[in-house]
Amino acid sequence: MKAIGETIKKYRKAAGLSLASLSEELKKHNISISTSSLCCWEKNMTTPNTNQFLTLCKILGITDIYGEFISKVQNDNPFAGLNQKGIERVKEYIQLLLLSDEFRELPDNIIPFERYLPKFTIPVSAGLGEFLDGDDYENIAVNEDIPTLADFALEISGDSMEPRFHDKQTIWVERTEELNHGEIGIFCLNGEAYIKKLQDDNEGVFLISLNSSYQPIPVHEDDSFKILGRVLHE
């Protein structure tokens with residue numbers, strides 16, 4: 001498998017894009033990534049998530065994702081050795097085969113099952129900080145409308161994230177320890193849990209409220225700070 005960063009850098013330069021220009025292009029797809037984060041990707045210090053990666057490929061014109069990021073070896077890559085016209089012809093044959101039940105993989109009869117997610121019973125504060133107890137939760141049944149990436153649910157307490165999030169509102173969260181600048185997440189700062197928007201730029205790290213009545217909360221180097229998750233659903 002090839003290093004992702006080297007390929008991204010090669011295609012970015014071929015497209016005549018600077019890191020700042022690529023950051024702006026990503027913003028057009030509702031992905032906010034700083035130039036320093038892009039630099040970390042290209043140096044293979046960090047990697048983009050699935051949505052960021054596929055959007056990058058679209059912006060940079062990377063169509064043969066398997067060949068560029070996995071292998072161009074004949075035994076591994078069925079498209080190896082073909083030019084673009086040949087690749088398109090193979091794709092046409094695949095579409096024809098998919099029209100026939102003889103060659104198309106048909107879905108099995110799947111027995112429906114209930115999905116349960118933990119909902120923390122202590123509300124996460126959208127105003128004053130309250131500690132998020134990792135063991136204080138109840139498992140609740142959820143339907144198909146809940147995001148598949150959701151790992152747990154929380155109830156908001158307070159009004160600092162108005163007008164987008166409201167007091168007593170339930171939110172769905174993907175468990176992760178990494179967020180990008182501008183993303184809304186769940187944070188634990190000095191033992192208190194918050195739902196805030198992350199500011200991580202040249203000015204430093206801050207937890208931002210959407211309600212302008214609340215001041216940004218600075219995160220200092222000697223603070224106990226942890227990212228608990230990414231807010232997925234309002």
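Numbers for residues simply follow the sequence, beginning at 1.
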Notebook entry, point to check: Do I208 and V219 belong together in a cluster built from hydrophobic side chains that touch within less than 4.5 Å?
Noted result: no
Note to self: Determine whether Y214 and L207 satisfy the following criterion, side-chain contact (heavy atoms from CB on, under 4.5 Å), listing intermediate values before the conclusion.
What the structure shows: CA-CA 10 Å; Y214 291 79; L207 301 183; over 6 Å; no
Notebook entry, point to check: Do you reckon I62 sits in the same ILVMFWY cluster as L17, going by side-chain contacts under 4.5 Å, direct or chained?
Noted result: yes
Notebook entry, point to check: Run the side-chain contact (heavy atoms from CB on, under 4.5 Å) check on R230 and N49 step by step: do they pass?
Noted result: CA-CA 13 Å; R230 176 184 292 107; N49 62 33; 4.3 Å; yes
Next item on the list: Could I get the full list of side chain to side chain contact (heavy atoms under 4.5 Å, CB included) partners for S37, not counting sequence neighbours?
Entry: I33, S34
Item checked: Rounded distance (nearest 0.5 Å) linking atom CD1 of I171 with atom CD1 of I186 -> 4.0 Å
Item checked: Minimum-distance pair of heavy atoms, taken over all atoms of I195 and I184 -> CG1-CG2, 4.0 Å
Checklist line | Side-chain heavy atoms of I227 within contact of F187, under 4.5 Å | finding: yes
Margin query: Test of understanding: clusters of I, L, V, M, F, W, Y form through side-chain heavy atoms closer than 4.5 Å, transitively. Do I140 and Y116 belong to the same one?
Written below: no
Next item on the list: Might you work through the side-chain contact (heavy atoms from CB on, under 4.5 Å) test for T55 and L26, ending with a clear yes or no?
Entry: CA-CA 7 Å; T55 304; L26 286 165; 4.0 Å; yes
Next item on the list: Could you tell me which non-hydrogen atom of L38 sits nearest to which non-hydrogen atom of S23, and how far apart they are?
Entry: CD1-N, 3.7 Å
Margin query: Nearest 0.5 Å, please: how far is OG in S32 from NE2 in H181?
Written below: 5.0 Å
Margin query: Could you tell me if the side chain of E6 sits less than 4.5 Å from the side chain of N44, heavy atoms only?
Written below: yes
Next item on the list: Please answer whether the main-chain N or O of S224 pairs with a side-chain N or O of N190 as donor and acceptor at a distance below 3.5 Å.
Entry: yes
Notebook entry, point to check: Would F206 end up clustered with V231 when hydrophobic side chains under 4.5 Å apart are linked, directly or stepwise?
Noted result: no
Margin query: Distance check, rounded to the nearest 0.5 Å: T50 atom OG1 versus Q52 atom CD?
Written below: 9.0 Å
Notebook entry, point to check: Which value, rounded to the nearest 0.5 Å, describes the distance between N143 atom CG and I146 atom CD1?
Noted result: 5.0 Å
Notebook entry, point to check: To the nearest 0.5 Å, what is the distance between OG1 (T35) and CG (N202)?
Noted result: 7.5 Å
Notebook entry, point to check: If you look at every heavy atom in N180 and L198, which pair is closest and at what distance?
Noted result: O-CD2, 3.9 Å
Notebook entry, point to check: Linking I/L/V/M/F/W/Y whenever their side-chain heavy atoms sit closer than 4.5 Å, directly or via other members, would W41 and Y11 fall into one cluster?
Noted result: yes
Checklist line | Atom of M161, atom of K197 and distance for their closest heavy-atom approach | finding: CE-N, 4.1 Å
Margin query: Quick check for you: to the nearest 0.5 Å, what is the distance between I59 atom CD1 and L22 atom CG?
Written below: 6.0 Å
Margin query: For the backbone of E162 and the side chain of H166, can you confirm whether one donor and one acceptor N or O come within less than 3.5 Å of each other?
Written below: no
Notebook entry, point to check: Looking just at side-chain N and O atoms, do S209 and N211 make a donor-acceptor pair shorter than 3.5 Å?
Noted result: no
Next item on the list: Considering non-hydrogen atoms only, spot the tightest contact between A153 and T170 and give its length.
Entry: CB-CG2, 4.1 Å
Check: Quick one: salt bridge (charged side-chain N to carboxylate O under 4.0 Å, His left out) partners of K85, sequence neighbours excluded?
Finding: none
Next item on the list: Quickly, which of R12, K9, K13 forms a side-chain hydrogen bond (donor to acceptor under 3.5 Å, both in side chains) with E42? Name it, please.
Entry: R12
Item checked: Atom of L56, atom of P48 and distance for their closest heavy-atom approach -> CD1-CG, 4.4 Å
